[in-house]
Structures are given as C-alpha cells and as structure tokens.
4 protein chains.
Amino acid sequence: MGADHHGNRYGRSEAARQAVLEAADDLLVEHGFAGLTIEKIAARAGVAKQTIYRWWPSKVDILLDAFGDDMAKALTPADHGSLAADLREHLAAVADFLTTNDAGAVYRALVGQAQHDPALAARLRDTHLAAQHLRDRLPFDRALARGELSPTLDLDLAVQRLMAVVHYRVLVTGEPVSREFTDPLVDSFLPTLPL
Amino acid sequence: MGADHHGNRYGRSEAARQAVLEAADDLLVEHGFAGLTIEKIAARAGVAKQTIYRWWPSKVDILLDAFGDDMAKALTPADHGSLAADLREHLAAVADFLTTNDAGAVYRALVGQAQHDPALAARLRDTHLAAQHLRDRLPFDRALARGELSPTLDLDLAVQRLMAVVHYRVLVTGEPVSREFTDPLVDSFLPTLPL
Amino acid sequence: MGADHHGNRYGRSEAARQAVLEAADDLLVEHGFAGLTIEKIAARAGVAKQTIYRWWPSKVDILLDAFGDDMAKALTPADHGSLAADLREHLAAVADFLTTNDAGAVYRALVGQAQHDPALAARLRDTHLAAQHLRDRLPFDRALARGELSPTLDLDLAVQRLMAVVHYRVLVTGEPVSREFTDPLVDSFLPTLPL
Amino acid sequence: MGADHHGNRYGRSEAARQAVLEAADDLLVEHGFAGLTIEKIAARAGVAKQTIYRWWPSKVDILLDAFGDDMAKALTPADHGSLAADLREHLAAVADFLTTNDAGAVYRALVGQAQHDPALAARLRDTHLAAQHLRDRLPFDRALARGELSPTLDLDLAVQRLMAVVHYRVLVTGEPVSREFTDPLVDSFLPTLPL
DNA sequence: GCCTAAGCGAGACGGTACGTCTCGTCTTTGA
DNA sequence: TCAAAGACGAGACGTACCGTCTCGCTTAGGC
C-alpha cells in the first residue's frame with residue numbers, strides 16, 4: 001500500500017476501511033448518534049464520501065462493522081469452576097460493557113436504532129445477538145456438565161431471566177447496574193433453580 | 001383558509017393540536033421513525049410548520065405528547081383477587097401493548113431514541129416510566145396487603161424481574177411474547193417468592 | 001439567524017436575487033464558465049443553494065437573468081443623422097461590447113453554450129437576439145426613412161453582413177476588432193448598397 | 001479491441017486510439033457535448049480510462065484529435081474555373097459542413113467551448129482555423145491569378161465577409177443556410193468587388 | 001361595533017447532510 | 001512497458017428537512 005495510496009484493481013484499501021471504522025467509533029462516543037454523519041466520518045477518516053458509500057449502505061452498517069467482534073471479546077464468560085462465580089463475573093462484565101465500554105455504546109446505539117429499523121433488528125440478531133446468547137449460556141452449559149444443574153432446566157430461559165434484568169435497567173429504566181446490584185441478583189437467583 | 005378558523009388572541013387551537021398529534025401517530029406507524037418529519041406532520045395535519053415549532057420543541061416532544069396517557073390506560077392491572085391471576089393478565093397486557101398497540105409503537109420508538117438522547121431518556125423516565133413502575137407493582141402491593149407475600153420481599157426487584165423479560169424479548173431479541181410464554185413465566189416465577 | 005430578513009409569504013427576496021445575479025456575473029468574469037458552479041454562486045452571494053434552485057432551473061438561467069437588459073442598454077444605436085455615422089458608432093459599440101464588457105462576456109458564454117444546448121439556443125434567440133436584430137437594424141430603418149437607401153434593399157441581410165463580420169472575428173478567429181477595423185469596414189460596405 | 005491486444009512494449013496501441021476517437025465522435029453526435037464524458041468514451045471504446053488520460057489531457061483534446069483532417073477533407077474548394085462557381089460551391093459546402101456533418105458538429109462544439117476556454121481557442125486557431133482560412137481563400141487566389149480580380153483587393157477581408165455570414169447564421173441566429181441563401185449571397189457579393 | 005393582539009396557514013429564507021455522479025490519480029496484474 | 005481494471009480523494013450536483021422569520025388573515029375579549 002505504500003505511503004498514501006489511492007486504490008488499485010485487486011481489492012479495497014484496508015487502510016481506508018480501518019480509518020472509517022475508527023472515525024465512526026470516535027464520533028459516536030464523542031458526539032452521539034445524532035452527531036454521527038457520513039460527511040463527518042469521511043472528513044475525520046480522510047476518506048472520500050464515495051468510498052464510504054461504495055462499501056457501506058448506511059451509517060448503521062458502518063457501526064455494525066465497527067462493532068465487529070468486540071462483543072465476543074468483552075463478553076465471553078471465563079470458567080471459574082462454579083456457576084455462581086461464573087455468573088457473578090459475567091453479569092458484572094455485561095453491566096460494565098453496556099454502561100462504560102465504547103463498543104457497548106455502539107451496541108446501545110444499534111439496539112436503539114433497531115427499534116425503528118426492522119431490517120437492522122434482524123441483522124443485529126443474526127450477526128451478534130444469537131452468538132452472544134450462546135456465550136451467555138456457557139456458564140449454565142458447564143454447570144450442567146458438572147452436574148450442578150438438573151437436566152430438566154430450561155437453560156435458554158434461565159439465561160434470559162438474568163440478562164433481561166441488566167438490559168432492562170440499562171436500556172429502559174436507566175438505573176445503575178453496579179456489582180452491588182448484580183451479585184445479589186445472582187445470589188437470589190441461583191436458589192430458585194431446580195436441584 | 002376559508003372560514004374554519006385561524007387562531008385568536010386568547011389561547012391556542014385545540015383542533016390544530018389534535019391534528020398534529022394524530023398525524024404524528026399515523027406517520028410513525030406508517031413510515032417509521034425515520035419517515036417522521038416535522039414537514040410531513042405539518043402537511044398531513046394541514047398545519048403550518050410554525051404552529052408546530054410554537055408548541056413543541058422537537059418531534060420527540062410531539063410523540064411524548066401523543067403518547068399521553070395511553071400507557072396508563074392500557075397498562076393499569078385490574079384486580080383479579082390473586083397475585084397469579086393479576087400477573088398473568090398484566091404480563092399479557094404488557095406484551096400485547098409492546099407488540100401490537102399503536103401507542104406501544106410510539107413507546108418503542110421513544111425508548112429506541114432515548115438510547116442516543118439522554119435528555120429524552122430522563123424525560124421519558126420522569127414522565128411515564130416511573131408512573132408505570134408503580135402500576136406494574138400494584139399486583140404485588142395488593143398481594144402484600146392480602147398477606148400473600150412476605151413483607152421482606154423486595155417488591156421493586158420482583159416487578160423488574162418480570163417486566164425485564166418481556167421487554168428484553170421485545171426490544172432486544174425480538175422473540176415472540178405470546179400467552180404461551182408469559183403464563184408459564186408467571187407460574188414458574190411465583191414459587192420462587194418467599195412464602 | 002440574523003434579523004435582516006429571511007423570506008416571507010408574499011414575494012421573494014429581491015436582495016437574494018440581486019446577490020445571486022451579481023455573484024454569477026463576477027464568477028463568470030473571474031473564473032470562466034467552467035468555474036461557475038451553483039455551489040460557488042451560493043457561497044459568494046451568501047445565499048442557500050435551495051434559494052437558487054427554487055428560482056432558477058440551471059446556471060444558464062441565472063446568466064440569462066443576469067444578462068437582463070444589459071445588451072439593450074449597451075447596444076441601442078443612437079441617431080447621428082447619417083447612416084455612415086450611425087453604423088460606425090454602432091459597430092464600434094458592438095465590438096466593444098463583445099470584447100471588453102462584462103455583459104459581453106456573459107453573452108459570449110451563452111452563445112458558446114448554445115452550441116451544445118439547443119434549448120438554450122432557442123431561448124437566447126427568442127429572448128435577446130431577435131430584439132437585438134431589430135436594434136441593429138435601426139440605422140438602416142432611419143436611413144430608409146430619410147431616403148438614403150433604396151426601398152428594394154434587403155435590410156435584414158445588410159444588417160447581418162455587417163454584424164456577422166464582427167461576430168466572426170470575435171467568436172471564431174479571435175482577431176482584434178478595433179476602430180481601425182470597423183470604420184473601414186463600414187466605409188467599404190456603404191458604397192456597395194444600391195442608390 | 002477485443003482480446004487481441006493488451007499492451008506491449010513497443011509503443012501505444014493504434015487500435016485503442018482509433019476506438020477512442022470514434023467513440024468520442026459518436027457520443028458527441030448522439031448525446032451532445034454535455035453527454036460526452038471520459039468515462040463514457042472509455043466504456044464505449046472498450047478502453048481503460050487511464051489509457052485516455054495518458055494520451056489526451058482533456059476531452060476537448062480528444063475532439064481536436066478526432067476532428068483531425070476532417071475539415072480539410074470536407075472544405076477544400078475545388079477549381080470550377082470561375083470565382084463565382086468556386087464560391088457558390090464552397091459556401092454551400094461550408095454551410096453543409098456546419099449544419100449536417102458529424103465533423104461539423106464537433107467543430108461547433110469546439111468553437112462553443114472555445115468561448116470560455118482561451119487555451120482551446122488558441123489551439124483551435126493554430127491547428128485548424130488558420131489552415132482553413134487559406135483554403136477558403138483559394139478561390140480568390142485563383143481568380144487573382146486568372147486576372148479576374150484587382151490586385152488591390154484585400155483578399156483576407158473578402159474571404160471573411162463571406163464566411164462570416166454563414167458562421168453568424170449557424171452559430172448565432174440559428175437561421176437556415178440553404179443554397180437558396182448562399183447562391184444569392186455570392187451573386188450579390190461579387191459585383192461589389194473591384195474588377 | 002370597532003380595536004387590538006395572539007394564533008393561524010403559508011412559504012421563503014440560510015443552512016446541513018444526504019446519496020449520486022464525474023473527475024483525474026494511483027496501483028496492481030497480465031500479456 | 002503498456003493496457004485493462006478499478007479503488008481512491010475530491011468535490012459539485014440536486015433533494016429533503018431543518019429551524020427561523022415575515023406576512024396578512026381570522027377571531028375573541030375589552031373598550
């Protein structure tokens with residue numbers, strides 16, 4: 001690619017792609033979703049508008065792309081050996097992701113936009129949410145393998161019951177979701193599980 | 001212009017107000033949040049743009065106004081004499097409101113927009129969500145008064161645990177929330193409450 | 001926004017109109033037809049692009065408008081009492097208009113553009129060239145009335161024979177058209193007329 | 001051009017050059033000067049844009065190139081033995097060239113463009129107009145050699161007086177220039193020449 | 001029964017951002 | 001070494017709405 005580079009026949013410019021994604025991320029965090037325009041992204045990234053329109057149909061597509069694997073990286077629950085420990089850590093991680101992480105800001109913006117954009121909603125679920133659900137379920141899968149849980153338990157519902165509370169407080173009520181909230185939540189939740 | 005009225009000195013035109021609110025509601029349902037512009041609302045309502053800007057600072061203010069007491073009307077749980085019945089009916093009502101009601105569409109749009117508009121988020125909570133939380137709690141309040149529940153129970157948290165799941169499925173995962181889902185949810189939830 | 005005026009219901013802004021026309025004129029003279037863009041006209045005139053698009057379909061329409069009555073003002077031949085004097089003065093005026101006048105620059109640009117724009121060509125003729133031909137003919141009309149010319153003379157053709165040479169040298173060969181050229185041209189032309 | 005050639009080390013492709021020139025000519029006639037873009041020429045010619053930019057600085061250079069010797073071919077007056085016959089034929093040929101010939105369309109486009117492009121104007125004159133003037137003068141040169149004309153006559157001016165009228169009517173007034181116009185023009189012009 | 005002032009429909013205004021188009025440059029790959 | 005293919009930065013295009021402003025009409029209370 002050399003120093004500044006201006007395109008070639010076989011393939012797009014990875015430098016331009018990265019510049020756009022970073023510019024979009026920065027502008028979202030700095031000026032919010034409303035302050036995020038293609039015009040500004042292009043200016044900030046030092047890229048022509050056409051280059052953006054060539055590769056991304058809309059600004060939410062840029063965000064989806066910028067979002068990338070950030071969620072997987074931030075929200076893959078580690079194995080602490082017990083369901084309680086796993087869930088405590090994971091819920092804290094989810095809360096942290098949603099409220100303080102840059103990628104979490106992108107996530108919230110996308111979920112917000114998905115409320116008035118069904119196509120985005122579908123892509124968001126297919127691309128990220130389905131995979132994240134599987135990661136959210138990992139502690140339960142491991143607990144089940146360890147024999148900590150009854151095989152009759154509806155794992156998917158159990159997962160949702162925990163994740164929902166954190167999301168509800170962040171997306172709807174706006175209440176804080178500190179460790180002082182999530183740890184007792186897990187502790188009061190576990191005894192309600194069969195076995 | 002004709003004879004039908006153009007304002008007067010003492011007070012605004014209720015006809016214009018209603019026309020704006022209805023136009024906003026219709027346009028939101030028909031064309032989504034993106035297709036909702038002041039220009040179109042004015043045209044549809046047969047009202048001058050200035051009349052809108054005179055009374056509402058932004059289009060979300062119009063929606064907040066159009067939203068009005070719809071939530072209270074649709075989501076005030078009736079007293080069926082038992083916590084189980086109350087909750088079953090209420091959760092079904094909430095799910096129905098969120099997924100099929102016109103006012104529910106406005107609600108989802110506002111919650112979505114609130115993800116990238118903190119000022120709206122605050123007003124939404126102050127204006128509607130706090131009051132709705134009190135309504136959501138009514139079945140528990142009545143159950144407590146009846147002695148169905150232990151006084152040690154954290155009612156607010158209990159309410160959130162139920163409401164969160166419905167919201168999570170509607171706002172995030174997009175899964176259906178039918179009676180086949182909500183009734184078992186209530187049934188499996190109640191036994192986990194103390195006493 | 002400033003207090004200085006922003007439009008009202010009954011009529012367009014004459015200030016905005018004038019600013020656009022002057023900006024277009026200036027830019028044409030300074031940067032040529034290629035350097036004349038709606039974008040730059042709007043910027044120079046301190047006017048919104050939409051204001052230009054609202055009132056003029058294209059940039060040649062602006063030039064046609066800016067052109068206005070400039071040709072009539074500059075090229076109406078005065079009556080000097082004799083055909084020779086009238087024609088000498090008028091041809092010198094035409095040459096001067098075509099080569100040094102700002103409106104003449106606009107005229108040349110429009111004629112140039114008309115070579116690849118039949119619609120413009122038609123409008124240019126209908127709006128300005130037909131009227132100018134009548135003005136060009138005035139010296140002959142007066143000479144005929146005075147009895148200086150034979151009634152059998154084809155006045156229109158005589159007019160064209162003189163005008164054509166000046167235009168040809170300006171538009172095609174680019175040769176200078178000074179008084180040293182036009183005066184002898186008239187002097188050698190007159191004796192060829194009948195009577 | 002097809003598959004038979006894609007660059008070699010021994011000079012540029014004549015096939016590509018011809019394809020470009022023909023494509024430019026066709027597009028000018030079909031879509032006018034405005035519809036003539038490098039992009040479209042490249043597409044029509046089956047040639048890479050860079051190949052065009054490598055060899056021609058601008059689209060008017062392509063036209064100049066495409067114009068080539070067309071004017072010389074079309075507008076070299078044959079010798080009919082008399083000035084009157086030569087001029088009648090030549091003026092008719094010029095009128096035909098300007099109004100119906102493809103190369104004439106290119107010529108008009110170039111002259112039009114030259115009105116707002118001084119560099120093109122200079123090149124057009126140096127490359128083609130000066131030579132054409134000499135060709136236009138041939139009938140007079142021959143008449144002079146035959147003794148049909150006085151040696152005191154300003155041949156260049158005489159030539160211009162005839163050519164100017166045809167150009168003026170084509171480029172400016174848009175009036176038709178049929179044989180019914182040009183023949184009488186010549187007939188009424190000749191008697192005004194000094195023996 | 002006028003006077004007057006606020007509300008109204010209408011719409012022009014200066015702007016911002018949109019998404020499209022063409023331009024001329026640059027780089028890679030193949031013949 | 002040149003031609004092809006095509007991505008790139010640049011920037012003008014015409015459109016849609018934004019929020020502000022002015023205009024002249026309508027209309028209800030107060031004089």
Side-chain angles (χ1 to χ4, degrees), chain A residues 1-13 15-16 37-40 42-43 45-55 57-59, chain B residues 1-13 15-16 36-43 45-55 57-59, chain C residues 1-13 15-16 36-40 42-43 45-55 57-59, chain D residues 1 3-13 15-16 37-40 42 46-55 57-59:
Chain A
M1 181 151 338
D4 40 24
H5 171 6
H6 274 42
N8 64 61
R9 178 169 182 189
Y10 297 93
R12 62 192 282 195
S13 160
T37 66
I38 301 276
E39 212 98 15
K40 279 180 187 156
V47 142
K49 279 166 59 181
Q50 186 55 35
T51 298
I52 297 183
Y53 285 110
R54 182 155 28 231
W55 299 111
S58 74
K59 73 179 182 183
Chain B
M1 205 161 304
D4 50 350
H5 172 336
H6 275 31
N8 63 60
R9 179 168 180 190
Y10 301 94
R12 65 191 283 192
S13 160
L36 186 67
T37 66
I38 300 279
E39 213 98 14
K40 280 180 188 157
I41 295 172
V47 143
K49 277 167 63 182
Q50 184 57 35
T51 298
I52 297 182
Y53 284 110
R54 180 150 38 225
W55 300 111
S58 75
K59 75 178 181 185
Chain C
M1 212 157 303
D4 48 352
H5 173 327
H6 280 25
N8 61 60
R9 178 167 184 191
Y10 299 92
R12 62 191 283 195
S13 162
L36 185 68
T37 65
I38 300 277
E39 213 96 17
K40 279 180 189 156
V47 142
K49 277 166 62 183
Q50 184 54 36
T51 298
I52 297 183
Y53 286 112
R54 179 148 41 223
W55 299 111
S58 75
K59 74 179 180 183
Chain D
M1 185 164 321
D4 52 342
H5 176 310
H6 276 275
N8 61 63
R9 25 189 143 228
Y10 308 103
R12 70 189 278 196
S13 159
T37 66
I38 301 277
E39 215 95 16
K40 280 179 189 159
V47 142
K49 278 165 58 182
Q50 185 55 32
T51 299
I52 298 182
Y53 285 110
R54 180 152 33 230
W55 300 110
S58 73
K59 74 178 181 184

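Chain A is the first sequence line, chain B the second, and so forth, proteins listed ahead of strands; every chain is numbered from 1.
- Using a 4.0 Å cut-off, some side-chain N or O of Thr51(B) falls inside it from OP1 or OP2 of dG9(E).
- In the set dG24(E), dG9(E), dA5(F), the nucleotide with an atom closest to the side chain of Ala48(D) is dA5(F).
- Picking from dA10(E), dG14(F), dA10(F) the nucleotide with the shortest atom distance to the side chain of Gln50(A) gives dA10(F).
- Mapped onto DNA chain F by nearest heavy atom, Tyr53(C) and Val47(A) fall at different nucleotides, with Val47(A) at the one closer to the 5' end.
- Between Thr37(A) and the phosphate of dT16(E), there is no side-chain N or O to OP1/OP2 separation shorter than 4.0 Å.
- In this structure, CD of Glu39(C) is placed 14 Å from C1' of dG14(E), rounded to the nearest angstrom.
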Practice task
Take Thr51(D) and Arg54(D) through the side chain to side chain contact (heavy atoms under 4.5 Å, CB included) test and state the conclusion after the steps.
Solution key: CA-CA 5 Å; Thr51(D) 299; Arg54(D) 180 152 33 230; 4.1 Å; yes

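- Put simply, CD1 on Ile52(D) is 13 Å from C1' on dA5(F), counting in whole angstrom units.
- Contact annotation: Trp55(C) does not reach the phosphate of dA12(E) (side-chain N/O to OP1 or OP2, under 4.0 Å).
- For the pair Arg54(D) and dA3(F), the criterion of a side-chain N or O lying under 4.0 Å from OP1 or OP2 is met.
- Listed nucleotides dC18(E), dA12(F), dA4(F) differ in distance to Lys40(C); the shortest reach to its side chain belongs to dA12(F).
- When the nearest nucleotides of DNA chain F are assigned to Leu36(C) and Lys49(D) by heavy-atom distance, the more 5′-ward of the two goes with Lys49(D).
- To the nearest angstrom, C1' of dG19(E) lies 9 Å from CD1 of Ile38(A).
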